[in-house]
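Read through the structure below, which is laid out as C-alpha cells, and then see the notes.
Values in this document were obtained by computation on a predicted structure and should not be read as measured data.
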Amino acid sequence: PFHEWDDGSNAEEKYENWYPGEPNNKHEKCTELYSEHRGLWNDLSCVAARYFVCNAQTKIQRMEFDKREELISNRMNRHKIRWQAYQQAAHRRKIRKAFFQRMKEHMRKIREHQRKMKQRQ
C-alpha cells in the first residue's frame with residue numbers, strides 16, 4: 001500500500017515504522033501516525049483528513065515574526081551578559097593566579113635571603 005514517498009523514493013528502503021499487522025488494506029494508500037502507539041504507522045484511506053508531518057512546528061516556529069525576533073534578541077542579550085560575566089571571572093582568576101605566583105616567588109626569595117643571613121652569623 002505505501003511503497004513510495006511523495007518525492008518518488010522507495011519508502012521501504014528509507015524507513016519503515018508500521019504498527020504490527022499494518023499495512024493491512026491494499027486500498028488504503030495513505031499513512032497516519034498512531035499517537036497512542038508511540039508514533040507507529042497505520043495505513044488509511046487518503047480521504048481521511050490528517051496533518052502533514054512536515055507541517056509540525058514548534059511553539060517558537062508558530063510565533064509571529066516580531067515576537068520571535070524579540071525572543072531571539074532577548075536570549076542573545078542574556079547570553080552576551082552571561083558570557084561577559086564568565087570572561088570577567090576568568091580574567092580575575094588569571095590575575096589572582098599571577099599575583100599569588102609572584103607572591104610565592106617573592107616569599108621564596110625572602111626565605112632564601114633569611115637563610116643566607118643565618119648562615120653568615
Side-chain angles (χ1 to χ4, degrees):
F2 181 70
H3 298 289
E4 70 179 40
W5 295 101
D6 287 341
D7 66 3
S9 61
N10 187 339
E12 293 163 351
E13 288 177 6
K14 282 191 171 180
Y15 189 70
E16 193 171 295
N17 195 31
W18 294 107
Y19 184 76
E22 301 291 349
N24 61 1
N25 187 326
K26 66 180 181 178
H27 300 292
E28 295 176 333
K29 304 286 185 189
C30 289
T31 304
E32 68 178 343
L33 299 176
Y34 274 143
S35 60
E36 63 273 9
H37 296 292
R38 299 183 331 267
L40 296 175
W41 297 351
N42 171 49
D43 60 331
L44 78 157
S45 171
C46 294
V47 296
R50 298 289 188 269
Y51 289 104
F52 294 101
V53 172
C54 61
N55 282 351
Q57 294 180 336
T58 66
K59 182 180 176 182
I60 292 174
Q61 290 171 324
R62 290 190 304 268
M63 291 175 83
E64 292 179 20
F65 177 80
D66 293 338
K67 289 183 179 181
R68 186 173 57 243
E69 289 300 308
E70 181 181 355
L71 175 75
I72 292 168
S73 176
N74 289 341
R75 285 182 177 178
M76 289 176 66
N77 285 334
R78 282 195 308 271
H79 175 75
K80 180 181 176 183
I81 290 167
R82 288 180 183 149
W83 178 245
Q84 287 172 341
Y86 171 80
Q87 286 180 317
Q88 289 171 352
H91 180 70
R92 282 193 300 273
R93 284 190 303 270
K94 181 180 175 182
I95 296 298
R96 280 189 201 119
K97 183 178 179 180
F99 171 77
F100 284 114
Q101 285 175 340
R102 284 193 312 271
M103 290 304 296
K104 186 177 178 180
E105 180 62 21
H106 179 70
M107 293 304 292
R108 187 189 62 77
K109 288 179 180 178
I110 290 173
R111 284 191 302 272
E112 186 179 318
H113 178 72
Q114 288 173 343
R115 192 171 21 90
K116 286 181 181 178
M117 293 303 287
K118 280 184 181 181
Q119 287 174 354
R120 286 186 186 170
Q121 291 176 355

Checklist entry - Do you know the tightest heavy-atom contact between Arg68 and Met63? => result NH1-O, 3.1 Å
Checklist entry - Does any N or O in the side chain of Asp43 come within less than 3.5 Å of the main-chain N or O of Asn25, such that one atom is a donor and the other an acceptor? => result yes
Item to check | Pairs involving residues 107-121, ordered by first then second residue, that meet side chain to side chain donor-acceptor pair (under 3.5 Å) (sequence neighbours left out) | outcome: Glu105-Arg108, Arg108-Glu112
Item to check | Co-members of the apolar cluster containing Ile110 [side chain, <4.5 Å] | outcome: Met107
Checklist entry - Rest of the hydrophobic cluster containing Phe100 (Ile/Leu/Val/Met/Phe/Trp/Tyr, side-chain heavy atoms under 4.5 Å)? => result Phe99, Met103
Next on the checklist: If we check side-chain contact (heavy atoms from CB on, under 4.5 Å) with Cys46, which of these qualifies: His27, Lys29, Glu28?
Outcome noted: Lys29
Which donor-acceptor pairs under 3.5 Å do the side chains of residues 76-93 make with protein atoms, sequence neighbours left out?
residue : atom : partner : partner atom : Å
Asn77   : ND2  : Ser73   : O            : 3.4
Trp83   : NE1  : Gln87   : OE1          : 3.4

Checklist entry - Hey, what do you get for CD1 (Ile72) to CD1 (Ile60), rounding to the nearest 0.5 Å? => result 7.5 Å
Item to check | Inter-residue atom distance Asn17.CG - Arg38.CZ, 0.5 Å rounding | outcome: 8.5 Å
Next on the checklist: Using the rule given for side-chain contact (heavy atoms from CB on, under 4.5 Å), can you reason through Leu40 versus Trp18, listing the C-alpha separation, both sets of side-chain angles and the distance that settles it, and then say yes or no?
Outcome noted: CA-CA 5 Å; Leu40 296 175; Trp18 294 107; over 6 Å; no
Next on the checklist: If the condition is side chain to side chain donor-acceptor pair (under 3.5 Å), which residues does Glu69 pass it with, not counting sequence neighbours?
Outcome noted: none
Item to check | For Tyr19, side chain to side chain donor-acceptor pair (under 3.5 Å) partners two or more places apart | outcome: none
